[in-house]
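Following: one structure in structure tokens, then a few remarks.
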Amino acid sequence: HDIAPAAADQPRPLRRYDVVGPVCESGDFLGRDRELGIEAAIAGDYGVPFILFTGDSAGFAEAQALVAGVRGVVVKEACTSTGAVCYSSAHTSALIRSAGREVAHTPSPVRPYRLEKGVTLDITLGAGPYRDAVKKRHGKRLSPGGVLGLKGPTATAVWAEYWQLKLECQAAAAAAK
């Protein structure tokens with residue numbers, strides 16, 4: 001991926017994570033070494049800064065590494081790669097409302113997160129009907145290892161292309177059953 005942080009206009013390497021499905025099949029990877037940056041980059045395509053993150057503690061640490069100055073509301077504490085301690089909805093709602101008011105009334109130093117050189121999204125698909133449908137319809141874009149590679153001028157363009165392809169191939173996989 002060509003994603004770099006927007007802090008002080010100085011690119012820094014990001015920490016990378018594997019985000020494992022199920023995207024369409026259990027065992028799918030939604031972008032091996034995927035960064036949280038796709039959401040921030042889509043917002044940046046529209047000139048919107050990534051100023052408030054809500055999620056687990058590991059995600060917030062990733063968001064802070066990506067965009068200096070991002071605010072966060074931790075709604076659950078990550079304990080393991082697959083487990084977390086969740087706070088009550090009343091508690092987290094109050095935290096989110098408070099943080100929302102604060103960011104709405106306090107100027108943020110965070111600028112929109114923009115990717116200037118184009119975007120590449122690699123999605124590793126596990127074996128199964130969905131990958132078979134992708135291979136049948138978009139075989140030239142799928143590596144022998146099952147990695148679907150998409151490139152485009154913006155994060156929004158790449159993500160929209162992926163979702164159209166995904167809907168098409170999910171429908172084909174369901175029809176094949």
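- Residues satisfying the side-chain hydrogen bond (donor to acceptor under 3.5 Å, both in side chains) test with Arg141, not counting sequence neighbours, are Glu161.
- The two residues Arg131 and Gly126 come nearest to each other via the heavy atoms CB-O, 3.4 Å.
- Contact annotation: the side chain of Leu125 never approaches that of Lys135 to less than 4.5 Å [non-hydrogen atoms, C-beta and beyond].
- Shown here are the side chain to side chain contact (heavy atoms under 4.5 Å, CB included) partners of Lys76, two or more places apart in sequence or in another chain: Asp56, Ala84, Cys86.
- Between Val74 and Ser57, the shortest heavy-atom distance links the atoms CG1-N, 3.8 Å.
- Partners of Arg97 by salt bridge (Lys or Arg N to Asp or Glu O under 4.0 Å), not counting sequence neighbours: none found.
- To the nearest 0.5 Å, atoms CD (Gln64) and CZ (Phe53) are separated by 9.5 Å.
- Taking Val73 as the reference, Leu52, Thr54, Val75, Leu95, Ile96, Ala99 meet the side chain to side chain contact (heavy atoms under 4.5 Å, CB included) condition, with sequence neighbours excluded.
- Going from atom CD of Gln164 over to atom SG of Cys169 covers 11.0 Å, rounded to the nearest 0.5 Å.
- With sequence neighbours left out, Ser108 forms a side chain to side chain contact (heavy atoms under 4.5 Å, CB included) with Ile51, Val110.
- The two residues Gly44 and Pro112 make their nearest non-hydrogen contact at CA-CB, 4.0 Å.
- In plain terms, the two heavy atoms of Phe50 and Val70 that are nearest each other are O-CG2, 3.5 Å.
- Closest approach of Tyr130 to Lys166, counting heavy atoms only: OH-CA, 3.3 Å.
- Leu165 contributes atom CG, which lies 10.0 Å from atom CZ of Arg137 (distance to the nearest 0.5 angstrom).
- Annotation: side chain to side chain contact (heavy atoms under 4.5 Å, CB included) contacts of Ala174 (sequence neighbours excluded): none.
- Residues that satisfy the salt bridge (Lys or Arg N to Asp or Glu O under 4.0 Å) test with Glu102, not counting sequence neighbours, are Arg71.
- In this structure, the separation between CD1 on Ile42 and OG1 on Thr154 is 8.5 Å, given to the nearest 0.5 Å.
- Remark: Thr156 pairs with Asp45 by the side-chain hydrogen bond (donor to acceptor under 3.5 Å, both in side chains) rule, at least two apart or across chains.
- Side chain of Thr92 to backbone of Ser89: a donor-acceptor contact under 3.5 angstrom is found.
- Note on Val147 and Val158: separate hydrophobic clusters, where clusters join Ile, Leu, Val, Met, Phe, Trp and Tyr whose side-chain heavy atoms are under 4.5 Å apart, directly or indirectly.
- Classified by interplanar angle (parallel below 30°, tilted 30° to 60°, perpendicular above 60°), the ring pair Trp159/Trp163 is perpendicular.
- Evaluation of the side-chain hydrogen bond (donor to acceptor under 3.5 Å, both in side chains) rule for His91 yields no partner, not counting sequence neighbours.
- Pairing each heavy atom of Pro129 with each of Ala173, the nearest pair is O-CB, 3.8 Å.
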